[in-house]
Every structure is written in structure tokens, then in C-alpha cells.
Amino acid sequence: MTFPAPIRLATFVLMLVAIAPSAPTIAQKLGSDGAPNPTASVIDQQTLLKQVPRVEGRIDIPDTKAAVLIQPAGRTWDYYHEVWLRWGGAIVILGVIVVLGAAYLIMGRLRISAGRSGRKILRFKAFERFSHWLTAVCFVVLGLTGLNITFGKILLLPLIGPEAFASVSEAAKYVHNFTSFAFVAGLILIAVIFFRDNLFEKVDAEWLKQGGGFIKSKHAPAGRFNPGEKLVYWLSVVAGVAVSASGFLLLFPFYATDIAGMQIAQVVHAVVAVLFIALIFGHIYIGTLGMEGAFEAMGTGEVDLNWAKEHHDLWLAQQLASEDRQAHPQPSVTAAE
């Protein structure tokens, strides 16, 4: 059967109109050289990842986490870990070192104004020092092994090579994990032992008004711990709890949270750890180079009488009164018969 010419012409025109909108699509499938490019019209990866929170497949095993093929938030986390954390951590840590170095060059070491008296007084008992050094040693080990995770690839890897770095990092990770338990034990001991002496009192406001002992012409009264030391105590306890809690979430993955929770835990763990290191740098500086006689308190447990008089006069008065009562006990009064 043959259609008339007008009908055939109209049909041909309608076909042209129908395929005209698809012409750009066909052109998009061609490369710059005119050859077919099957991926030219495919949705780009970034657009695809923005459409859904994660790309998942279908699995038969009970572990539903294995169905996650791609999690776009993971790319943000990776950028944070590889860029933000490295730059931010380096700025904070190196910045604190520069500030402390400048403080030493400008102010020098705080000397005992009246000189050493030669008389010692007990400041910390043996168990108190044990708790401090247990936590301190664990902190240093955790700090070094933890910093290797962030800075090891850019600082240590070029120096020792990939094989040695892999071995060192594996050993450091095990040391980091197991040392964490001893750190938590030390943190609990310190929090309990020194809790009462680190409660803020009215005299702390006067200490701040007098310049905290950094103005030589003024005397800042203080009990066993001054407000600066109390602040370090409370910040250390809070930071210690934060890194311990987030660290255990990382140490025992997916027991209490999902992938997103693990990423948040890692962010909290790393950020708090960097700030914690900066805080302890200041604590170490004051206890060693920054102040004469301070290290002896945790070194031998005893401090010079004049040092205690200058920095903790109220505590010294209490200690001397206690010693006097022990040396000269009051006679008991017997009721007359």
C-alpha cells in the first residue's frame, strides 16, 4: 500500500520535529575529536554524591554496615584529617611553644625572691606523686604515638621510608591502645585525690587581683593550689574524660555508635588531644624552666620553705600550725572529782 505524497511529507516532518530535541544529547555523547564518548552525558560524581547521604548496595550477610559502598561525609572527614587537623594542630602546638619561648626570654625564670632557706616541707606524699607520674608518663606516650597518626606521614615517613614507618606506626598504635587504660586509671586517681584542694575559694579572687604571683611588687595569697593550678586541674580532668570516652569508642568500633558517630568521635578525640597537649606544655613549662623550685614538689615531694611562703602562704601556715600541734600537744583536761 502506497501513501500519497503529502502524507509521506507530513510524516517525514513530524519525525524531524520529534528527534530535534534529542540532537544536543547526541552531540554531548561525542568527544572533542568527534569520536563517541559514552561517559559524556553521565552525571558527574560530585552531583551524584550530593543527591543521597550515602550509596548503598544489597547484601545477604547480617552486618548492614557492609552495604555502604560510598559515604560522601567520609570525604569531608578525610579532608578534615588530612588538611584541617594537620594545619590546625601544627599552628596550636607550635604557637604555644613560641609563646612559652617568648615568655622565658622576656620574663626569665621566676626565682625565689628571698633565696632558699635550706628548710624543706612536705608538699606531696608518695602516692600523690605516683598518681601524677603515672598519668604524666602515659600522657607523653599517648601524645607521641597519637601525633604520629596525624603528622607521621609528612614528618617521619620521608626520613625512615615506608617499610620502617609501617612497622613503627603499627607498634605505636598498639602502644597507644594499651597505654590508654593506665592513663584512665591515673586520671581517676588524680581527679579523686586532688578534688577537694582544687575547689575554688574566695581567696582565689584576691590571687587574681594581685597578679597571680607574676608581679614582684605584689603578694598573691594562695592555699595548696592557686587558681592557675586549679584551672589546669579542671581542664585536664574534662579533657581527659573527653579523650578517654572518644578513644574507647574508637578502640571498640561500632559497639555503641555507627560510622557517622565514629567520625565524630575521631574529630573530638583529635581536637581535644591537640588542645590538651598545648595545655600540658604550659604546665610543664611552669613546673620546670618557668619557676625555680617548682619541679621539686613532684620530684622529691618536698619544697623549700621560702618557695612555699611566696607561692602558697596560706597552705604553708596550715602545715606549720599542724606540725606545731603535733610537736606540742595540748594537755588533756581531767574533770575534777
Side-chain angles (χ1 to χ4, degrees), residues 81 84-111 123-124 128-129 131-152 154-156 172 175-176 179-180 182-184 186-187 189-191 194 198 207-208 211-214 222 225-244 246-247 266-299 303 307 311-312:
H81 185 271
W84 294 346
L85 181 59
R86 286 180 179 175
W87 278 103
I91 291 173
V92 170
I93 294 175
L94 294 178
V96 168
I97 294 176
V98 170
V99 170
L100 294 177
Y104 183 79
L105 293 176
I106 296 173
M107 301 178 60
R109 194 178 194 190
L110 294 179
R111 300 288 182 179
R123 178 155 174 79
F124 293 114
E128 293 174 329
R129 299 199 308 276
S131 301
H132 172 273
W133 287 115
L134 170 65
T135 312
V137 171
C138 291
F139 181 87
V140 172
V141 173
L142 291 170
L144 292 175
T145 54
L147 288 174
N148 178 67
I149 297 175
T150 302
F151 300 103
I154 58 176
L155 296 179
L156 190 59
V175 171
H176 191 90
T179 304
S180 63
F183 172 78
V184 171
L187 180 67
L189 289 175
I190 285 180
F194 299 115
N198 279 282
W207 184 88
L208 293 173
F214 290 95
F225 297 113
N226 61 48
E229 293 167 329
K230 291 179 179 180
L231 184 61
V232 170
Y233 167 86
W234 287 110
L235 290 177
S236 297
V237 170
V238 172
V241 171
V243 295
S244 299
S246 57
Q266 202 277 339
V267 171
V268 171
H269 192 76
V271 171
V272 175
V274 168
L275 297 177
F276 202 178
I277 291 173
L279 173 68
I280 297 304
F281 271 174
H283 177 66
I284 293 174
Y285 169 77
I286 293 295
T288 53
L289 294 176
M291 182 179 293
E292 180 185 7
F295 182 79
E296 299 167 11
M298 277 298 174
V303 295
W307 181 90
H311 300 287
H312 301 276

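For the numbers below, each heavy atom of this structure counts, side chains included, while hydrogens, waters and symmetry mates do not. Keep in mind that what you see is a predicted model, and the values were worked out from it rather than measured.
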Which label fits Trp307 and His312: parallel for a plane angle under 30°, tilted from 30 to 60°, or perpendicular past 60°?
tilted
**Study point:** Whether Phe225 and Phe124 hold their rings parallel, tilted or perpendicular, with breakpoints at 30° and 60°
**Key:** parallel
Side-chain contact test, heavy atoms from C-beta onward, threshold under 4.5 Å: evaluate it for Ser244 versus Leu187 and give yes or no.
yes
*asked:* Can you confirm whether more than 12 heavy atoms, excluding those of His81, are under 6.0 Å from its NE2 atom?
replied: yes
Query raised in the report: Is there side-chain contact between Thr150 and Arg86, with heavy atoms separated by less than 4.5 Å?
Result: yes
Heavy-atom nearest pair, Val96 first then Ala278, reads CG2-CB, 3.6 Å
So the side-chain hydrogen bond (donor to acceptor under 3.5 Å, both in side chains) pairs with at least one residue in residues 231-241 (sequence neighbours excluded) are none
Heavy-atom closest pair (Val237 atom, Ala191 atom, distance to 0.1 Å) is CG2-CB, 4.3 Å
Next item on the list: Report yes if some heavy atom in the side chain of Ile93 is under 4.5 Å from a heavy atom in the side chain of Ile97; otherwise report no.
Entry: yes
- Does Leu189 reach the side chain of Thr135, with side-chain heavy atoms less than 4.5 Å apart? no
Practice prompt. Taking Asn226 for its side chain and Ala222 for its backbone only, find out whether a donor-acceptor pair lies under 3.5 Å.
Written response: no
Across all chains, not counting sequence neighbours, the salt bridge (charged side-chain N to carboxylate O under 4.0 Å, His left out) partners of Glu229 are none
For Gly293 and Val303, the nearest pair of non-hydrogen atoms, with its separation, is O-CG1, 4.3 Å
Contacts satisfying salt bridge (Lys or Arg N to Asp or Glu O under 4.0 Å) that involve residues 281-292 (not counting sequence neighbours) are Arg116-Glu292
When rounded to the nearest 0.5 Å, the distance separating CG of Asn148 from CG of Leu144 is 9.5 Å
Nearest heavy-atom approach of Ser246 to Ala242 is OG-O, 2.7 Å
Taken to the nearest 0.5 Å, the spacing of Ile149 CD1 from Gln266 CD works out to 8.0 Å
Original post:
Sub-3.5 Å donor-acceptor pair from the side chain of Arg123 to the main-chain atoms of Met298, do we have one?
Top reply: no
One should read off an interatomic distance between Trp207 CH2 and His311 NE2, to the nearest 0.5 angstrom, of 10.5 Å
task = Answer yes or no: is there a side-chain heavy-atom contact under 4.5 Å between Leu147 and Ile277?
result = yes
Residues Ser180 and Leu142: closest non-hydrogen pair is N-CD2, 4.0 Å
Value for OG1 (Thr288) from NE2 (His283), rounded to nearest 0.5 Å, stands at 9.5 Å
Tightest non-hydrogen contact, residues Phe151 and Leu85, listed as CZ-O, 4.5 Å
Distance col, row Cys138:SG vs His176:NE2, nearest 0.5 angstrom, shows 11.0 Å
OH (Tyr285) and OH (Tyr104) are apart, to the nearest 0.5 Å, by 7.5 Å
